[in-house]
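Bear in mind that the values here come from a model prediction, so they are computed numbers and not experimental data.
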Amino acid sequence: MNIVLLGPPGGGKGTQAKILVEERGMVQLSTGDMLRAAKTSGTAMGNKVAAVMDAGELVTDGIVIDLIAEQLDKNSGGEFIFDGFPRTLAQADALDALLTSKGTHLNHVIEMQVDDKALVNRVTSRSTCGSCGEGYNEISKPIPSNGSCSKCGNTDFQRRADDNEHSFRIRLMAYYKETSPLIGYYHAKNLLSSVDGLVEIKQVKESILSVLS
């Protein structure tokens, strides 16, 4: 089974992807994670990614598709979660062509519906463990009262530099311009399901599992 988690930044896609990885053994393909890993891999593709990123340029869709193809081959037979990709209609077409060439396809696209105001509050309240990357949020999942990460015990927590209202609204506008057209695109393909992304994490998980069942 292959799925796309679709929704605005801060909508909870990464959190739900991690749950699916842990509970269903799915493989999360996060564009950001793949690029960071490739940059330091020392491979021919990694050197190509590093050269582009070090020059301050945007990584092309072709490079991202090549990285995804590598992961599909590496984890042949696995179930994949596409998190943060595709972001545009052109990327959606490229992903469809790639999956077809590999003899597979998308089974579900799950839109995580959220309210802009609630998103701003969520994003400006979040932080991550500086050691293991576990996510926390002052509203829905506060840092434990002892000041230590519940997963690894680390006491160093970090916030993204762009997790402020001004920067986030710029990212949100980019989502509406570039990515939200995918909602209609996948609806037309009869692949789209929507879940409420603002309820408790466990409730979101149950809604997603209900779609996948």
Undergrad: Rounded to the nearest 0.5 Å, what separates atom CZ in F85 from atom CD1 in I68?
TA: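 Rounded to the nearest 0.5 Å, the CZ-CD1 separation comes out at 4.5 Å.
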Undergrad: So, taking the atom named CG in L106 and the one named OG1 in T100, what distance separates them when rounded to the nearest 0.5 Å?
TA: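 L106 CG to T100 OG1: 9.0 Å, rounded to 0.5 Å.
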Undergrad: Just by distance, do the side chain of D96 and the backbone of A92 share a donor-acceptor pair under 3.5 Å?
TA: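 Not at all, since once roles are kept as given, no pair shorter than 3.5 Å links the two residues.
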Undergrad: What are the two closest non-hydrogen atoms of S207 and V195, and how far apart are they?
TA: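 Nearest pair, atom of S207 first, then V195: CB-CG1, 3.7 Å.
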Undergrad: Using a strict threshold of under 4.0 Å (side-chain N to carboxylate O), is an ion pair present between R169 and E165?
TA: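 The answer is yes: the pair qualifies as a salt bridge.
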Undergrad: Can you check whether I143 reaches S127 side chain to side chain, under 4.5 Å on heavy atoms?
TA: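 The answer is yes; the side chains approach within 4.5 Å.
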Undergrad: Go through the steps to decide whether T104 and N2 satisfy the test side-chain hydrogen bond (donor to acceptor under 3.5 Å, both in side chains), and finish with yes or no.
TA: CA-CA 8 Å; T104 187; N2 303 310; 2.8 Å; yes
Undergrad: Quick check: do I63 and K48 have side-chain heavy atoms less than 4.5 Å from each other?
TA: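 In contact.
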Undergrad: Taking S167 for its side chain and N164 for its backbone only, find out whether a donor-acceptor pair lies under 3.5 Å.
TA: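 Side chain of S167 to backbone of N164: no pair is present.
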Undergrad: Give, for atom CD of E23 and atom CD of Q16, the distance between the pair rounded to the nearest 0.5 Å.
TA: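 Output value for this atom pair is 9.5 Å.
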Undergrad: Do any N or O atoms from the side chain of N75 and from the backbone of G78 form a donor-acceptor pair under 3.5 angstrom?
TA: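 No: the side chain of N75 does not pair with the backbone of G78.
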Undergrad: Do the side chains of I110 and L182 join up, straight or via other hydrophobic residues, at under 4.5 Å, putting them in one cluster?
TA: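 No: no chain of side-chain contacts under 4.5 Å links I110 to L182.
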Undergrad: If every non-hydrogen atom of P8 is compared with every non-hydrogen atom of L172, which pair is closest and at what distance?
TA: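 The pair with the smallest heavy-atom distance is CB-CD1, 3.6 Å.
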Undergrad: Any side-chain to backbone donor/acceptor pair from R122 onto K117? Under 3.5 Å, distance only.
TA: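 Checked: no pair found.
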Undergrad: Verify, without hydrogens or angle tests, whether K102 (side chain) and L72 (backbone) share a donor-acceptor contact under 3.5 angstrom.
TA: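 Here the side-chain-to-backbone pair does not exist.
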Undergrad: Going only through I, L, V, M, F, W and Y residues with side-chain contacts under 4.5 Å, is there a path from F82 to I3?
TA: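 No, no single cluster joins them.
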Undergrad: Can you check side chain to side chain contact (heavy atoms under 4.5 Å, CB included) on N107 and H105, steps first, answer last?
TA: CA-CA 6 Å; N107 299 91; H105 60 276; 3.5 Å; yes
Undergrad: Is the backbone N or O of E138 less than 3.5 Å from a side-chain atom of R126, with the two atoms forming a donor-acceptor pair by type?
TA: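 Not at all, since once roles are kept as given, no pair shorter than 3.5 Å links the two residues.
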Undergrad: Should we say atom CE of M45 is surrounded by more than 12 heavy atoms from elsewhere, each under 6.0 Å from it?
TA: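 Correct, the count exceeds 12.
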Undergrad: Indicate whether the side chain of Y136 and that of S150 have a donor and an acceptor atom separated by less than 3.5 Å.
TA: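 Side chains of Y136 and S150: pair found under 3.5 Å.
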Undergrad: Closest heavy-atom contact between P86 and V4?
TA: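 Closest approach of P86 to V4, heavy atoms only: CD-CG2, 4.0 Å.
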Undergrad: Could you please spell out the steps behind the side chain to side chain contact (heavy atoms under 4.5 Å, CB included) verdict for V49 and M34?
TA: CA-CA 10 Å; V49 170; M34 286 191 296; over 6 Å; no
Undergrad: Check the pair D54 / K39 against salt bridge (charged side-chain N to carboxylate O under 4.0 Å, His left out), numbers first and verdict last.
TA: CA-CA 9 Å; D54 290 344; K39 184 179 178 181; 3.2 Å; yes
Undergrad: Any side-chain heavy-atom pair from Q113 and D196 closer than 4.5 angstrom?
TA: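 Heavy-atom side-chain distance check fails, nothing below 4.5 Å.
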Undergrad: Do L212 and R24 have side chains that approach each other closer than 4.5 Å (heavy atoms only, starting at C-beta)?
TA: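 Sidechains of R24 and L212: in contact.
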Undergrad: Mind running salt bridge (charged side-chain N to carboxylate O under 4.0 Å, His left out) on K18 and E22 for me, showing each step along the way?
TA: CA-CA 6 Å; K18 287 181 179 178; E22 293 172 357; over 6 Å; no
Undergrad: Does the side chain of N121 come within less than 4.5 Å of L119's, by heavy atoms?
TA: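 With C-beta onward as the side chain, the pair stays apart.
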Undergrad: Check the pair D61, Q91 against side-chain hydrogen bond (donor to acceptor under 3.5 Å, both in side chains), reporting the backbone distance first and the verdict last.
TA: CA-CA 7 Å; D61 289 352; Q91 290 177 354; 2.8 Å; yes
Undergrad: Closer than 3.5 angstrom, by distance alone: can the side chain of S210 be matched with the main-chain N or O of E206 as a donor-acceptor pair?
TA: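 No, because the side chain of S210 does not come within donor-acceptor range (under 3.5 Å) of the backbone of E206.
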Undergrad: Please report the shortest heavy-atom distance between G10 and V123, naming the atom on each side.
TA: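 In this case the closest contact between G10 and V123 is CA-CG2, 3.8 Å.
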Undergrad: Counting only heavy atoms not in K141, do more than 12 fall under 6.0 Å of its NZ?
TA: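 Enclosed.
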Undergrad: Strictly by modelled atom types, are Y176 and D116 linked by a side-chain donor-acceptor pair under 3.5 Å?
TA: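 There is such a pair (donor and acceptor under 3.5 Å, judged by atom type) between the side chains of Y176 and D116.
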Undergrad: Return the CD1 to CD1 distance between I19 and I201, rounded to the nearest 0.5 Å.
TA: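 Those atoms lie 6.0 Å apart.
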Undergrad: Side chains of T124 and F168: closer than 4.5 Å at any heavy-atom pair?
TA: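 No, every pair of side-chain atoms sits at 4.5 Å or beyond.
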Undergrad: Grab the two heavy atoms, one from I81 and one from A17, that are nearest each other, plus how far apart they are.
TA: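 Scanning both residues, the minimum pair turns out to be CD1-O, 3.7 Å.
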Undergrad: Roughly how far apart are R171 CZ and H166 NE2, rounded to 0.5 Å?
TA: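 That separation rounds to 12.0 Å.
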Undergrad: Side chains of C149 and S131: does their closest heavy-atom pair fall under 4.5 Å?
TA: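 C149 vs S131: side chains apart.
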Undergrad: With the 4.5 Å side-chain cut-off for hydrophobic clustering, are L99 and L6 part of the same group?
TA: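 Result: yes, single cluster for both.
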Undergrad: Could you state the interatomic distance from OG (S193) to CD1 (I208), rounded to the nearest 0.5 Å?
TA: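 Between atom OG of S193 and atom CD1 of I208 there are 10.5 Å.
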Undergrad: Is it true that, when you exclude I170 itself, more than 12 heavy atoms of the residues, nucleotides or ligands shown sit nearer than 6.0 Å to its CD1?
TA: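 Counting neighbours around CD1 of I170, more than 12 heavy atoms of other residues, nucleotides or ligands fall under 6.0 Å, so yes.
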Undergrad: Which heavy-atom pair separates A38 from L67 by the least distance, and what is that distance?
TA: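 Scanning both residues, the minimum pair turns out to be CB-CD2, 3.8 Å.
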Undergrad: Tell me whether the count of non-hydrogen atoms from other residues, nucleotides or ligands lying under 6.0 Å of CG in N190 goes above 12.
TA: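 Not buried by this count: 12 neighbours or fewer within 6.0 Å.
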Undergrad: Please tell me whether Y185 and V211 are part of a single hydrophobic cluster in this structure, the criterion being side-chain heavy atoms less than 4.5 Å apart.
TA: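 No; tracing contacts between hydrophobic side chains, which count when under 4.5 Å, never links both residues.
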Undergrad: Do the side chains of L209 and M112 join up, straight or via other hydrophobic residues, at under 4.5 Å, putting them in one cluster?
TA: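 Looking at the clustering, M112 is in the same group as L209.
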Undergrad: Step by step, work out the side chain to side chain contact (heavy atoms under 4.5 Å, CB included) result for H108 and L191.
TA: CA-CA 5 Å; H108 296 283; L191 291 173; over 6 Å; no
